[in-house]
Each structure stands twice: as structure tokens, then as C-alpha cells.
*Asks:* 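Pasting in a structure now, in C-alpha cells, and then I'll have a few things to ask.
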Amino acid sequence: MSEKTIDPAVEEMLALAAEMKIETFWDRYQAQLPQCEFGLRGICCRNCLHGPCRIDPFKEGAQKGVCGATADTIVARNFVRTCAGGAAAHIDHARHVLEVIEKIAHGHAAGYNVTDKQKLENLAQRLGIQTKGKSEIEVLKELAKEVAKEFQRQEGYSKYLQLYTTKKRFEKLAGLNVLPPNLDLTITESLHRTTMGVDADPVNLILGAVKVALADGAALHISTDLQDILFGTPKPLFSKANLGVLREDSVNIAVHGHVPLLSAKVAEQAEKLEKEASSAGARGINVVGICCTGHEVLERYGVPLAQNFLGSEMAVATGALDAIIVDVQCIAPSLITVADCFHTKLITTFPIAKIPGAEHIEFTTENADEATNKMIKIAIEAFKKRDKTKVHIPKYEQKILAGFSVEAIVGALSKVDPSDPLKPLLDNIVKGNILGAALFAGCNNVKLPQDKLHVTMAKGLLEKNVLILSTGCAGYALAKAGLMSPEATFKYAGEGLKAVLTAVGKAAGLNGPLPPVLNIGSCVDNSRAVVIVNALADKLGVDAEALPVVACAPEALTEKAIAIGTWAVSLGIPVHIGIVPPIIGSNLVTEIATSKAKDIFGGYFIVEPDPAKAVDKLIAVIDERRSKLGLKTSKEI
Ligand code: NFS
Ligand code: SF4
């Protein structure tokens with residue numbers, strides 16, 4: 001295996017790409033080396049036109065920016081802006097889904113409907129809406145109004161954060177003055193406080209980062225809830241992962257990005273256009289997923305996963321994709337260069353996300369059917385022009401069992417104990433059959449071999465009986481490595497974990513064990529992990545900071561990943577990252593993130609690029625928490 005990837009399909013494609021002189025993420029990374037040492041440390045500032053200013057890390061040159069900002073201030077300010085960038089993406093995502101709910105409630109979004117009526121009712125009640133005797137449309141209207149307040153409230157606290165934190169945690173966060181009244185407001189505030197001559201106090205700034213990160217968390221909950229209402233709450237289903245899911249005889253369409261409003265429509269319209277595809281000589285239309293939106297349609301319709309972020313170019317390089325339909329976030333502009341080597345059509349759809357050279361078909365909630373229909377017809381036309389001699393589909397695919405929403409997990413557990421579904425889970429944690437749980441979230445980063453940390457760490461933790469949940473590009477990595485199938489439980493889980501997963505799988509009528517990695521969805525669905533953690537904490541009468549749970553974003557890349565990591569820390573969850581974050585230019589900020597945060601929040605960042613050492617560190621964290629709860633540690637079991 002090369003230093004670039006551990007995915008054999010991507011490895012195979014990279015060799016071909018080199019032959020074809022297709023430039024990749026890795027080539028461009030090489031061209032960036034050596035990367036700027038100021039940037040890597042987070043000690044450069046461009047927040048005003050006095051700058052750019054930079055602080056000499058070796059203390060020989062300038063120690064202050066022109067305005068007087070120190071390294072601590074600059075690093076902390078940059079950190080706030082990074083979290084705000086991530087939160088902005090998620091808040092915009094949430095608002096977009098809310099808009100559709102509002103439009104349905106007022107009869108303006110003909111193409112969308114409520115799929116999960118039960119979830120609508122439950123959420124409405126939790127938000128304090130009386131549902132008895134009201135029609136679905138009435139409930140929807142009131143729900144939309146209530147959720148809209150998350151974007152409007154000028155005083156008080158986000159109700160959503162109250163809904164999704166334990167009472168103890170909510171009070172703690174309120175005491176620290178980091179609970180936002182409305183989500184959009186945190187973006188404005190973050191940009192304001194970090195502009196020249198405003199907040200210079202690094203500690204205050206870090207609390208500002210926590211505040212905007214918590215708004216990010218609330219946005220994820222809103223997105224997951226409303227998407228489940230619209231498209232259905234995921235249930236376990238089988239599918240496949242890796243480039244082998246592309247089909248030589250079919251029209252292949254990749255959905256790439258984050259918005260199920262688009263990808264669900266593509267999947268739906270593709271079924272309607274099967275006949276046209278046959279007339280074009282294809283066996284059918286094969287929709288596949290790249291990045292998070294792939295999870296959205298995998299979890300609900302079984303659409304197979306093609307590639308995560310670092311494999312996106314190689315999916316196009318197969319020459320087998322007829323169209324790649326994108327929306328927002330994590331879509332590399334380089335895709336157009338690769339697409340141009342083939343017949344592949346790159347179609348952008350959002351007014352805020354255009355790529356020069358791509359075909360832009362504006363997608364709105366009102367024209368959803370029409371627009372996606374048009375996109376698929378473009379793919380069918382492109383299929384006719386596909387050059388078969390240029391097609392190369394690596395024969396790698398793995399069976400996966402996905403669709404583990406909270407409801408699905410509780411549903412499976414309730415088959416073991418119908419009166420108290422969480423009890424079997426807790427009992428097994430207490431007994432040590434399950435040592436703890438780890439959420440694998442986050443991206444791929446070109447600085448590390450693609451998927452290597454995700455897969456090596458997951459295997460190491462499973463062997464030690466740590467149950468794994470996954471989302472986003474981490475989910476792809478584990479799916480492609482064969483860790484998401486029931487068979488993987490026999491292969492990778494430690495004895496205790498194996499027994500539990502087998503018993504639950506049997507009781508749930510799955511004809512085999514649950515997979516050792518439970519895929520809970522896209523990155524917005526990290527919210528599902530919070531729901532499970534808080535439910536366990538509530539049941540034990542403790543807070544998340546007491547539970548033997550950790551989160552890992554070993555190959556973190558985006559601002560969103562940093563925002564997610566920051567709210568996880570502020571909820572009491574230790575977060576491992578394998579990439580050194582651009583905060584090391586400030587000893588103070590580094591110390592807050594990696595150690596002081598533990599005293600304040602219970603959660604903190606663990607930076608460790610070595611997968612084996614990272615596993616040891618996470619097991620040590622889990623053991624520390626277990627022993628505080630009076631439970632046996634990994635060494636005593
Ligand atoms: Ni998450 Fe989705 Fe992947 Fe990272 Fe990007 S796709 S929201 S940010 S790169 S996991
Ligand atoms: Fe330099 Fe201060 Fe302006 Fe930043 S805000 S560029 S440190 S003068």
C-alpha cells in the first residue's frame with residue numbers, strides 16, 4: 001500500500017490516474033510543500049489591512065501584530081473563525097430544511113411530504129406544541145414556527161440546545177454564558193468579536209468558539225430531525241460500498257454533497273426514468289453516493305456508497321460516471337478537471353456553489369422534480385457518449401448493513417427488553433462486555449493515508465470491546481474496509497462485544513449479529529450520537545462527561561469537523577484528532593484545548609497521529625471513566 005491510501009480501489013485508480021496524467025489531491029499537496037509554518041501554527045492574521053501580521057514562533061522576530069495582538073489572541077481569534085465557518089455551513093443547511101417544512105405547511109412545496117408522521121408528532125410535543133385534535137398541516141405550521149425561533153430569538157437560550165443536553169450540562173453551559181439565543185446570531189457575533197480591535201482575551205475568545213460550536217450542534221439536531229420527518233427515519237438495510245458499486249452497463253450518477261432535498265429527489269426521479277435509460281441502451285440507472293449526501297440516501301433508500309472525500313476524484317477517473325450531481329460543501333473544484341478528461345457531466349445546483357466549467361441547473365424546492373428530471377436526462381445523454389475503452393471500475397465492494405438511527409438502535413434493543421430498551425446496553429457496559437463507545441466522525445485529510453487512521457483505530461478499539469458508531473467520511477472508510485457487515489462482528493469484535501451484538505441481532509430478527517460499526521448517517525447525524533449518549537447519561541443520572549464514551553475525527557479536514565469536535569468537547573466528550581490543529585502557535589490555547597477544557601467541560605482534545613498510540617490513549621480515557629463509575633477497567637475484566 002502506498003502512503004496515499006489504504007483503499008485498494010483508490011490505490012488502483014491512482015496508478016491509472018498517474019498514467020493518464022490526471023492531477024490529484026496528492027499531487028497538489030506535494031506542490032504545496034513545505035507548507036507555511038505560520039499557518040500551521042495559527043499565528044498569522046489577515047483580519048485587517050495593516051496585515052498580514054505574523055508572530056515569530058522562535059521569539060526572534062515580531063511578537064505582536066501591528067494592532068498589538070499577541071500569538072494567543074491571534075490563534076484564539078482564528079479558532080473562533082474556523083468554528084464559525086463550520087457552524088455557518090450547518091446552520092445554513094438546517095435553515096434550508098426548515099424552509100421546506102415551512103413551504104409544505106403553507107402548500108408551496110408540492111414535491112415534498114411528511115414521511116415520518118410519528119417523528120413529527122414526537123418532536124412537536126417535545127417542543128411544547130399541543131398536537132391533540134390538530135391536523136398534520138396545523139402541527140407542521142406550529143412546528144415550523146417554533147423551529148424558526150432558533151433563527152430569530154434575540155434573548156434567552158436556544159430551545160433546541162435545551163432539548164438535546166442533559167439538565168446538568170445545560171446549567172453548566174448557561175453558567176459559562178456560552179448558550180446562544182439564536183443560531184445565525186452566533187455567526188455575526190463570531191465575525192464581529194474577531195475583527196480588528198474587538199476581543200483580545202484568548203480565554204473569552206475560546207468561550208466564543210464554544211458558543212458558535214454549540215450553535216453548530218443545534219443546527220445538526222434540527223437538520224436530522226426535520227430530514228427524518230421529510231424523508232423517513234432510517235431503518236437497518238443492506239447495501240454496498242466502494243467503487244465496485246459502479247456498473248459498466250448502467251447510467252451511473254453520483255450524488256455528492258450534503259443536501260438530501262436534492263439527493264433524495266435524484267434517487268426518486270432515477271426510478272421514474274428507468275425506461276429512458278433502457279432506450280439509451282443501459283441496463284438501468286445506478287445512483288451512488290459520494291460524501292455525506294451519500295449517507296442520506298444510503299440510510300433511507302439503500303443507495304450504495306462510492307467514495308469519501310479523498311476518493312471523489314478517483315470516482316470520476318473511473319470514466320464510468322455519466323453525471324455527478326453536487327450541492328454544497330466538500331465538493332472539490334478539481335472535479336471539473338477530472339470530469340473534462342471523460343464524458344462525465346458535472347452539474348452544480350446551488351446558487352452559492354458554482355464551479356467554472358460545470359453545468360449549472362438551479363435547484364429549488366419548487367422545481368425539484370423538474371430540475372432533477374432534467375439532470376438525469378443529461379446523464380442518460382452522456383451515457384450514450386461514454387467511451388467504453390476509457391472505463392475502468394476497480395472490482396472492490398463490501399457488503400454493509402447501515403441505517404442505525406437512534407430509533408432503529410432502540411428498536412433492536414427493545415426486542416431484548418421491551419419494557420426498558422436501554423437496560424441491556426447499560427447492563428453490558430456495567431459488566432464490561434461493552435467497554436465503552438466511540439463515535440468515528442469526520443473526514444479524510446491528504447496529510448494522512450486515506451482511511452488508515454479510521455480503519456486501524458476502529459479495529460484496535462473493537463478488539464478491546466469498544467462499540468463503534470460512525471458518520472460521514474469516517475463511515476465510508478469503515479464501510480469500505482468491511483467493518484459494517486454482520487460478518488465483521490465475528491472477525492473484529494472482542495469476545496464480550498461479539499456476544500452482545502450477536503444476542504441483539506438475533507433478538508431483532510436480523511439473522512446474524514449487528515455489525516460492530518453502527519452507521520448513524522451523515523455528519524449532521526452526529527446529532528444522533530448525542531441523543532444516545534444523553535439517553536444513557538439520563539438513565540444513569542449522570543452527565544455525558546461521566547460516561548465511557550469518546551469521539552474520534554482522526555483524519556479531520558474541514559471547519560465543520562472542528563466545530564463538531566468543539567461542541568463534543570463542550571458536552572463532556574473527549575475528542576481525538578490525528579491532525580495537529582493550527583493552534584500550537586499559542587501555548588495557552590493549546591493547553592486550554594488539550595487539558596484545561598477537561599476541568600471545565602469534562603471533554604478535551606487528544607491529538608495523536610499514530611493510530612496504535614491513539615487507541616491506547618482512548619482506552620485509557622475509557623478506563624479512567626469506568627473506574628470513576630466503579631466499573632472494572634479493561635485490565636480487570
Ligand atoms: Ni463531514 Fe461531509 Fe467528509 Fe468531512 Fe466533508 S463530506 S459533513 S466534512 S470531508 S466528513
Ligand atoms: Fe495585524 Fe492586528 Fe490587523 Fe491582525 S488585526 S492583521 S494582527 S493589525
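Indexing begins at 1, ligand by ligand and atom by atom, following the structure's order.
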*Asks:* Take T471 and D525 through the side chain to side chain donor-acceptor pair (under 3.5 Å) test and state the conclusion after the steps.
*Replies:* CA-CA 7 Å; T471 57; D525 295 327; over 6 Å; no
*Asks:* Given that the side chain starts at C-beta and the backbone is N, CA, C, O, which of these parts of R77 lies under 4.0 Å from ligand 2, counting heavy atoms, or is it both or neither?
*Replies:* side chain
*Asks:* Between Y164 and Y160, is the gap from one ring center to the other below 6.0 Å?
*Replies:* yes
*Asks:* Would you confirm whether the ring centroid of H576 sits within less than 6.0 angstrom of the ring centroid of Y604?
*Replies:* no
*Asks:* If you apply the rule side chain to side chain contact (heavy atoms under 4.5 Å, CB included), what do you find for H295 with L305, and how did you get there?
*Replies:* CA-CA 7 Å; H295 282 292; L305 302 177; 4.2 Å; yes
*Asks:* Could you give me the CA-CA distance, side-chain angles and deciding distance for S470 and N519, then say whether side chain to side chain donor-acceptor pair (under 3.5 Å) is met?
*Replies:* CA-CA 5 Å; S470 69; N519 194 50; 2.8 Å; yes
*Asks:* Excluding waters, which protein N, O or S atoms are within less than 2.8 Å of atom 5 (Fe) of ligand 1?
*Replies:* C330 SG
*Asks:* If you count the non-hydrogen atoms of other residues, nucleotides and ligands that lie under 6.0 Å from NZ in K119, is the total more than 12?
*Replies:* yes
*Asks:* What atoms in ligand 1 come closer than 4.0 Å to a heavy atom of G442?
*Replies:* 10 (S)
*Asks:* Measure centre to centre between the rings of F231 and Y301, then say whether the value is under 6.0 Å.
*Replies:* no
*Asks:* With the threshold set at 4.0 Å, does a side-chain nitrogen-carboxylate oxygen contact exist between R81 and E559?
*Replies:* no
*Asks:* In total, how many protein N/O/S atoms does one find closer than 2.8 Å to atom 3 (Fe) of ligand 2?
*Replies:* 1
*Asks:* Within a radius of less than 6.0 Å around NE2 of H192, do more than 12 heavy atoms belonging to other residues, nucleotides or ligands occur?
*Replies:* no
*Asks:* Salt-bridge test for D451 and K480: reply yes if a basic N is under 4.0 Å from a carboxylate O, no otherwise.
*Replies:* yes
*Asks:* Does K64 reach ligand 2, in the sense of a heavy atom lying below 4.0 Å from it?
*Replies:* no
*Asks:* Using only heavy-atom distances, determine whether the side chains of E11 and T5 contain a donor-acceptor pair under 3.5 Å.
*Replies:* no
